[in-house]
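Predicted, not measured: the structure shown is a model, and the values here were computed from it. Here is how names work: the chains are called A, B, and so on, in the same order as the sequence lines, proteins then strands, and each is numbered from 1.
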There are 2 protein chains.
Amino acid sequence: MNSREIAKNRLVEFGIKPSLQRLAIMEYLMNHSTHPTADMIFNDLFPSMPTLSKTTVYNTLRLLAGEGAILSLSIDEKNVRYDGDISNHAHFKCKKCGCLYDLPVEGMNSIHVENKGNLLITECHLYYKGFCERCKSEIV
Amino acid sequence: MNSREIAKNRLVEFGIKPSLQRLAIMEYLMNHSTHPTADMIFNDLFPSMPTLSKTTVYNTLRLLAGEGAILSLSIDEKNVRYDGDISNHAHFKCKKCGCLYDLPVEGMNSIHVENKGNLLITECHLYYKGFCERCKSEIV
DNA sequence: CTTTGTGCAAATTCTTTGCACCAAA
DNA sequence: TTTGGTGCAAAGAATTTGCACAAAG
């Protein structure tokens with residue numbers, strides 16, 4: 001199964017009609033673990049889809065994230081980042097160079113929240129910030 | 001010790017000169033656990049400080065958060081929220097009404113991250129999203 | 001005096017909206 | 001032919017910047 005088909009399956013699984021644009025964006029997110037912004041996605045797809053508009057990218061990302069087909073990350077306060085990997089994992093952002101990594105996390109589901117009973121929890125985001133290996137050594 | 005003095009201590013502790021505006025903003029954040037936006041802080045302080053400008057509020061919040069004297073939360077993708085409580089705790093936001101709570105968390109420090117050795121972690125944010133008690137019951 | 005903080009107005013940037021056109025069922 | 005998707009241009013909103021004035025040591 002090629003990556004286009006995998007992307008299509010994800011869309012269908014979440015009840016989203018697989019238009020050409022949506023497929024391209026979904027496929028892009030599943031193939032790039034760079035946690036791109038809407039702008040990055042647009043710039044990368046535009047050369048091969050010259051009619052694509054930024055509005056469509058924004059619309060599509062909002063739709064996909066709203067349906068749960070992708071994750072929308074707010075770890076970077078400037079731009080929303082998107083992640084095609086919807087499995088449980090944490091994120092790390094370097095405060096110096098801005099690089100953004102996935103972090104595998106043990107026990108992310110086992111975090112105990114007191115008084116959680118009253119709330120219906122649907123999402124959990126775990127964000128770490130600090131300095132990446134390269135930047136860490138440059139701190140004076 | 002009154003709340004103004006407590007706020008002053010916090011500023012001094014983090015090496016920040018306690019101007020009148022900074023003191024007012026720091027004190028506001030320590031007395032309000034509402035996780036306000038810059039705009040809310042400005043609007044609430046303005047009546048008693050008519051010369052206060054929104055620029056100063058933004059400048060001050062950036063300074064305080066940068067020095068670690070307050071927390072800057074990105075749980076709400078629209079506006080940055082600020083928290084005068086810098087102790088370890090998680091946050092919850094209702095996706096329907098937008099209300100924002102603190103959540104006490106057991107084991108927040110014990111979350112195990114593999115491969116953390118290469119990184120210098122300085123901050124950890126744990127965000128839960130879902131539906132609050134009131135909104136939960138209104139879901140159809 | 002000299003450095004630092006404040007505040008107004010303007011600029012910047014990310015994102016959404018209004019609306020017309022296009023495509024598919 | 002009706003519904004939904006796309007895309008352009010414009011609007012909107014949060015935050016930052018440039019610069020002049022005020023304050024504090």
| field | B:Ser53 side-chain proximity, nearest of C:dG5, D:dT6, C:dC8 | value | C:dC8
| B:Asp76 has an atom CG; how far is it from atom P of D:dT15, in whole Å? | 9 Å
| note | Quick note, salt bridge (charged side-chain N to carboxylate O under 4.0 Å, His left out) partners involving residues 5-16 of chain B, not counting sequence neighbours, are none
| query | When every nucleotide of nucleotides 9-25 of chain C is labelled 5' to 3' by its protein contacts under 4.0 Å (heavy atoms), B for base, S for sugar-phosphate only, - for none, what sequence of letters results? | reply | B----SBBB--------
| Over how many whole Å does the gap from B:Leu52 atom CG to D:dA23 atom C1' extend? | 16 Å
| request: Could you tell me the separation between the CG atom of B:Leu61 and the P atom of C:dG5, rounded to a whole number of Å? | output: 15 Å
| query | How would you list, by chain and number, every residue that makes a side-chain hydrogen bond (donor to acceptor under 3.5 Å, both in side chains) with B:Glu123, sequence neighbours excluded? | reply | A:Lys95, B:His125
| message | Does anything in residues 23-34 of chain A come within less than 4.0 Å of DNA chain D? Heavy atoms only, and list the residues if so. | response | none
| Overall bend - the helix from C:dC1-D:dG25 to C:dA25-D:dT1, comparing terminal axes fitted on five pairs, nearest 10 degrees | 20°
| In whole Å, what is the span from the CG atom of B:Leu45 to the C1' atom of C:dG7? | 15 Å
| request: Whole angstrom is fine here: how far is it from CG in A:Leu11 over to C1' in D:dG5? | output: 14 Å
| field | Passing option when A:Asp83 is tested against A:Ile70, A:Asp102, A:Leu100 for side-chain contact (heavy atoms from CB on, under 4.5 Å) | value | A:Asp102
| note | For B:Phe42, the side chain to side chain contact (heavy atoms under 4.5 Å, CB included) test, sequence neighbours excluded, returns B:Phe46, B:Leu52, B:Lys54, B:Val57
| query | Taking atom C1' of D:dG4 as reference, at what distance in whole Å does atom CG of A:Leu63 sit? | reply | 12 Å
| message | Looking at D:dT6, I'd like to know if its phosphate oxygens (OP1 or OP2) sit under 4.0 Å from a side-chain N or O belonging to A:Ser19. | response | yes
| query | Going by the salt bridge (charged side-chain N to carboxylate O under 4.0 Å, His left out) test, which pairs reach into residues 16-26 of chain A, not counting sequence neighbours? | reply | none
| Any idea how B:His35 and B:His91 line up, ring-wise: parallel (<30°), tilted (30 to 60°), or perpendicular (>60°)? | perpendicular
| request: Any pair with a residue in residues 59-82 of chain B that passes ring pair (Phe, Tyr, Trp, His ring centres under 6.0 Å), sequence neighbours left out, goes on the list, sorted by first then second residue, please. | output: none
| To the nearest Å, how far apart are B:Phe42 CZ and C:dT6 P? | 14 Å
| Partners of B:Arg4 by side-chain hydrogen bond (donor to acceptor under 3.5 Å, both in side chains), sequence neighbours excluded? | B:Glu27
| field | Nucleotide D:dG4, atom P - distance to CD1 of A:Ile16 in whole Å | value | 15 Å
| field | Sequence-distant partners of A:Lys93, side-chain hydrogen bond (donor to acceptor under 3.5 Å, both in side chains), two or more places apart | value | A:Glu77
| Within residues 61-70 of chain A or reaching into it, pairs that qualify as salt bridge (charged side-chain N to carboxylate O under 4.0 Å, His left out) - sequence neighbours excluded | none
| Can you list every pair that meets side chain to side chain donor-acceptor pair (under 3.5 Å) and has a residue in residues 40-52 of chain B, with sequence neighbours left out? | B:Tyr28-B:Asp44, B:Asp39-B:Asn43
